[in-house]
Amino acid sequence: MSPTQIAIALWTLVHKETKRFTRIWPQTLLPPSITMTMYFIIFGSLIGSRIGEMDGFSYMDFIVPGLIMMAVITNSYSNVASSFFSNKFQRSIEEMMVSPMPNWVILCGFVLGGMARGLGVGLIVTLVSLFFTRISVAHPLLTVGVVVLTAALFSIGGFINALLGKKFDDISIVPTFILTPLTYLGGVFYSITLLPNFWQGVSMLNPILYMVNVFRYGFLGVSDIPVGWALTAIVAFIAVLFTIALWMLEHGKGIRS
């Protein structure tokens, strides 16, 4: 395929994926905004007023970056996992596989679609947070960069989940038993400096901790871990998962449900 044909194929996939979740926005965009509003009210306003400050900031200001990142992670992952598995279940993915379209274009098309939903929901949650606190961004470029990288990482993760899934129930196993616990234990609601040394070390094994802390540093200028290390870890995770996903796709792993 020529570069122009590849660009058209990629754009078509991204457009299809974006249209898919925007067409059913009451199911894809509205529920996360309502859920995050509940978090802001319960944890930020009600409980946060009793907790006081965290790392020198009000508790509401402290959890806002984490809640935005949690919404981005969840929606980026679930969009690709559900979309690609549906294509696999309906056998339409096989038509893509036999087309001249390169496998990396298929992967990037679904990943970019997942990123679009994740970043869209993240923007909605950011706008909702303005009703509860005043947001100031200390490092705008870093903030945008890390949220884009995070959306890409978990979109790729959702793609791998869809490849490995044999039935629709398999799509919910990873988010329920792995993704959700890691998110809640990733420093969204607390600073790991509050933990004993042993549990601080254990927390460092959680990849979501790095993303939340870099994103919080972009907003507030504070982080529990070195920002350089965190960014390196995120990029490394993306490279590894992208390689695995592309290898699985090229070898037809999990294509037949």
Side-chain angles (χ1 to χ4, degrees), residues 29 32-49 51-78 115 117-155 157 179-195 200 203-204 206-235 237-238:
L29 301 180
S33 62
I34 295 175
T35 301
M36 290 301 121
T37 300
M38 294 298 100
Y39 278 120
F40 285 128
I41 294 174
I42 297 173
F43 289 96
S45 299
L46 300 180
I47 299 178
S49 60
I51 293 178
E53 293 188 348
M54 184 80 67
D55 282 354
F57 296 90
S58 69
Y59 190 67
M60 174 67 83
D61 291 343
F62 182 84
I63 67 172
V64 163
L67 291 176
I68 296 172
M69 187 60 76
M70 184 165 65
V72 172
I73 289 171
T74 304
N75 286 274
S76 298
Y77 191 97
S78 62
M115 291 173 63
R117 176 176 166 184
L119 295 174
V121 172
L123 178 60
I124 292 173
V125 174
T126 302
L127 295 176
V128 169
S129 69
L130 295 176
F131 290 97
F132 300 92
T133 186
R134 297 177 61 184
I135 296 179
S136 60
V137 182
H139 306 283
L141 292 179
L142 178 64
T143 302
V144 173
V146 72
V147 75
V148 170
L149 289 174
T150 300
L153 174 60
F154 283 93
S155 293
L179 196 57
T180 298
L182 288 179
T183 302
Y184 279 95
L185 297 175
V188 172
F189 298 102
Y190 61 88
S191 170
I192 65 168
T193 57
L194 300 175
L195 302 175
Q200 288 187 36
S203 296
M204 297 298 287
N206 184 353
I208 294 180
L209 177 71
Y210 297 88
M211 304 163 202
V212 170
N213 270 272
V214 175
F215 195 58
R216 181 173 289 128
Y217 180 83
F219 270 88
L220 306 178
V222 296
S223 175
D224 295 331
I225 55 180
V227 174
W229 291 3
L231 285 174
T232 302
I234 295 171
V235 173
F237 285 134
I238 291 175

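Computed from a predicted structure; not experimentally measured.
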**Study point:** Test applied, side-chain contact (heavy atoms from CB on, under 4.5 Å); reference residue, Ser203; option that passes from Ile192, Leu185, Ile208
**Key:** Ile192

Point to revise | Minimum side-chain heavy-atom gap Met204-Ile225 below 4.5 Å | key: yes

Review point. Given Leu195 and Tyr190, is the side chain to side chain contact (heavy atoms under 4.5 Å, CB included) satisfied, shown in steps?
Key: CA-CA 9 Å; Leu195 302 175; Tyr190 61 88; 4.0 Å; yes

**Study point:** Heavy-atom side-chain contact between Tyr210 and Leu231 under 4.5 Å
**Key:** no

Exercise for review: Sequence neighbours left out, what passes side-chain hydrogen bond (donor to acceptor under 3.5 Å, both in side chains) with Asp224? Give chain and number order.
Suggested key: Ser191

Exercise for review: Identify the two heavy atoms, one from Gly187 and one from Val212, that lie closest to each other, and give their separation to 0.1 Å.
Suggested key: O-CG1, 3.8 Å

Practice item. Could you tell me whether the side chain of Asn206 and the main chain of Leu182 form a donor-acceptor pair under 3.5 Å? Key: yes

Exercise for review: Could you pull out the closest heavy-atom pair between Asn75 and Pro32, with the gap in Å?
Suggested key: OD1-CG, 3.5 Å

**Study point:** Side chain proximity check, Ile68 to Phe219, heavy atoms < 4.5 angstrom
**Key:** yes

Check your understanding: Is the shortest heavy-atom distance from the side chain of Val227 to the side chain of His139 under 4.5 Å?
Key -> no

Check your understanding: Are Phe57 and Arg216 close enough that some pair of their side-chain heavy atoms sits under 4.5 Å apart?
Key -> no

Review point. Who pairs with Tyr77 by side-chain hydrogen bond (donor to acceptor under 3.5 Å, both in side chains), at least two apart in sequence or on another chain?
Key: Asn161

Practice item. Find the distance between CE (Met36) and CG (Leu127) and round it off to the nearest 0.5 Å. Key: 14.5 Å

Practice item. Only pairs at least two apart or in different chains count here, so list each side chain to side chain donor-acceptor pair (under 3.5 Å) that has a residue in residues 61-73. Key: Ser58-Asp61, Asp61-Thr133

Practice item. Report yes if the side chains of Leu67 and Ser129 come closer than 4.5 Å at any heavy-atom pair, otherwise no. Key: no

**Study point:** With Phe237 via ring-ring contact (aromatic ring centres under 6.0 Å, His included) - residues at least two apart
**Key:** none

Study note, to complete from the structure: Here the gap from Leu149 atom CG to Ile238 atom CD1, rounded to the nearest 0.5 Å, amounts to 4.5 Å

Study note, to complete from the structure: For Gly122 and Val72, the nearest pair of non-hydrogen atoms, with its separation, is CA-CG2, 3.8 Å

Exercise for review: Please name all residues satisfying side-chain hydrogen bond (donor to acceptor under 3.5 Å, both in side chains) with Tyr39, sequence neighbours left out, ordered by chain then number.
Suggested key: Tyr184

Check your understanding: Within the distance-only criterion (no hydrogens, no angle test), does the side chain of Arg117 pair as donor or acceptor with the backbone N or O of Leu29 below 3.5 angstrom?
Key -> no

Check your understanding: Rounded to the nearest 0.5 Å, what separation is found between the OG1 atom of Thr150 and the CD1 atom of Ile234?
Key -> 5.0 Å

Review point. Can you find a heavy atom in the side chain of Thr74 that is under 4.5 Å from one in the side chain of Phe154?
Key: no

Check your understanding: If you take all heavy atoms of Ser155 and Met115, which pair is closest and at what distance?
Key -> OG-N, 3.3 Å

Point to revise | Pairing residues for Val144 by the side-chain contact (heavy atoms from CB on, under 4.5 Å) criterion, not counting sequence neighbours | key: Val148

Practice item. Write down the atom of Phe189, the atom of Met70, and the distance for their closest heavy-atom approach. Key: CZ-CE, 4.4 Å

Check your understanding: If every non-hydrogen atom of Val146 is compared with every non-hydrogen atom of Met211, which pair is closest and at what distance?
Key -> CG2-O, 4.2 Å

Point to revise | Pairwise side-chain contact, Phe215 with Thr143, heavy-atom cut-off 4.5 Å (strictly under) | key: yes

Review point. Can you tell me how far the CG atom of Leu130 sits from the CD1 atom of Ile135, to the nearest 0.5 Å?
Key: 4.5 Å

